[in-house]
Amino acid sequence: VKGNIPSRDPETAHRPVRGATVWLTGLSGSGKSTLAAHLARALRGLGCATELLDGDQIRAAAGAGLGFGRADRDTHVRRIGARCADLMAGQGIAIVAAISPYRATRDECRALVESRGAGFIEVAMQCPLPVLIRRDPKGLYKKALAGEIKNFTGISDPYEPPIFPEATVDISIESVDSALRRLVQIVRVKTT
Ligand code: ADX
């Protein structure tokens, strides 16, 4: 990302004076990817240079290298954090959608991004587990509960929620549009 693409409308143009990372963390199916994609589109519309980093897609693109044990998840999450930090040099906005289950590893990423003078907006995606199990669009919870997938986050592997997230979103009680509006506002505040 090289600088920001200015919007043509000065009323809506939002040129960040510093970068920010919006880090969506939460269980599989909690709405991270959907909200991240909407947020990326909204911020680009406001003239912000925005990069979307989706854990699922990065894993697929990087090949079959990393699994779901703690060490591999940490390596994966640290790589994402390093990419975010790089993007902060150009006042970019990085949007991350990754389970990123370990608090200490997320905090490392926060420290790295903040050390570049950029903002870190941790968003706790907090859909209740029974709702995730009922919806289960990929059928993964069913398999995990049957023991067919080992180390599945929230079922047979830990998830450590943020203690002081900048925002909390529960898509079982809030529309994507409403959450999106809140997040855009937080990004505005954190980048000016
Ligand atoms: S992270 O824990 O390393 O941050 P990431 O967000 O990149 O996870 O990828 C999670 C996705 O991988 C889930 O949405 C799900 O589709 C898939 N997946 C496959 N196995 C597991 C597992 N054991 N635990 C969690 N997610 C899994």
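Counting convention: from 1, in listed order, for ligands and their atoms alike. When reading the values below, keep in mind they use all heavy atoms of this one structure, side chains included, and skip hydrogens, waters and symmetry mates.
- Residue, atom and distance of the protein heavy atom nearest to atom 4 (O) of ligand 1 are Ser100 N, 2.8 Å.
- Looking at Arg116, its side chain never comes within 3.5 Å of a backbone N or O of Ala89 through a donor-acceptor pair.
- In the candidate list Ser28, Ser156, Ser30, Ser28 is nearest to atom 14 (O) of ligand 1, counting heavy atoms.
- Below 4.0 Å from some heavy atom of Gly55 lie the following atoms of ligand 1, by number and element: 7 (O).
- Partners of Glu122 according to the salt bridge (Lys or Arg N to Asp or Glu O under 4.0 Å) rule, which considers only residues two or more places apart in sequence or in another chain, are Arg106, Arg110.
- Stacking of Arg70 on the aromatic ring of Tyr102 is recorded, both the 6.0 Å distance cut-off and the 45° axial limit being met.
- Checking Lys143, Lys138, Arg59 against atom 9 (O) of ligand 1, the nearest heavy atom belongs to Arg59.
- Given atom 7 (O) of ligand 1, the protein heavy atom at minimum distance is His76 NE2, 2.7 Å.
- Under the 4.0 Å criterion applied to side-chain N and carboxylate O atoms, Asp177 and Arg182 are not assigned as salt-bridge partners.
- The nearest protein atom to atom 2 (O) of ligand 1, hydrogens excluded, is given as Arg73 NH1, 2.8 Å; this is a heavy-atom distance.
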**Study point:** salt bridge (Lys or Arg N to Asp or Glu O under 4.0 Å) assessment of Asp72 paired with Arg59
**Key:** CA-CA 11 Å; Asp72 278 7; Arg59 278 174 174 277; over 6 Å; no

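- Side-chain atoms of Asn151 never come within 3.5 Å of backbone atoms of Asp157 as a donor-acceptor pair (strictly under, hydrogens ignored).
- Using a 4.0 Å heavy-atom cutoff, Lys150 is listed among the residues neighbouring ligand 1.
- Under a 4.0 Å criterion applied to the non-hydrogen atoms of Asn151, ligand 1 contributes the atoms 22 (C), 23 (N), 24 (N).
- Close contacts of ligand 1 with Leu140, meaning ligand atoms under 4.0 Å from a residue heavy atom, involve 15 (C), 16 (O).
- Taking atom 25 (C) of ligand 1 as the reference point, the nearest protein heavy-atom neighbour is Thr153 OG1, 3.4 Å.
- Considering backbone and side-chain N/O atoms, Ile99 comes within less than 3.5 Å of an N/O atom of ligand 1.
- With sequence neighbours excluded, no residue forms a ring pair (Phe, Tyr, Trp, His ring centres under 6.0 Å) with Tyr159.
- Shortest contact from atom 11 (C) of ligand 1 to any protein heavy atom: Asp56 OD1, 3.2 Å.
- For the pair Lys32 (side chain) and Gly26 (backbone), a donor-acceptor distance under 3.5 Å is present.
- No chain of hydrophobic side-chain contacts below 4.5 Å, direct or via other Ile, Leu, Val, Met, Phe, Trp or Tyr residues, connects Leu112 to Val96.
- Only the side chain of Phe68 comes within 4.0 Å of ligand 1, judged by heavy-atom distances.
- Neither the backbone nor the side chain of Asp157 comes within contact range of ligand 1; no heavy atom lies under 4.0 Å.
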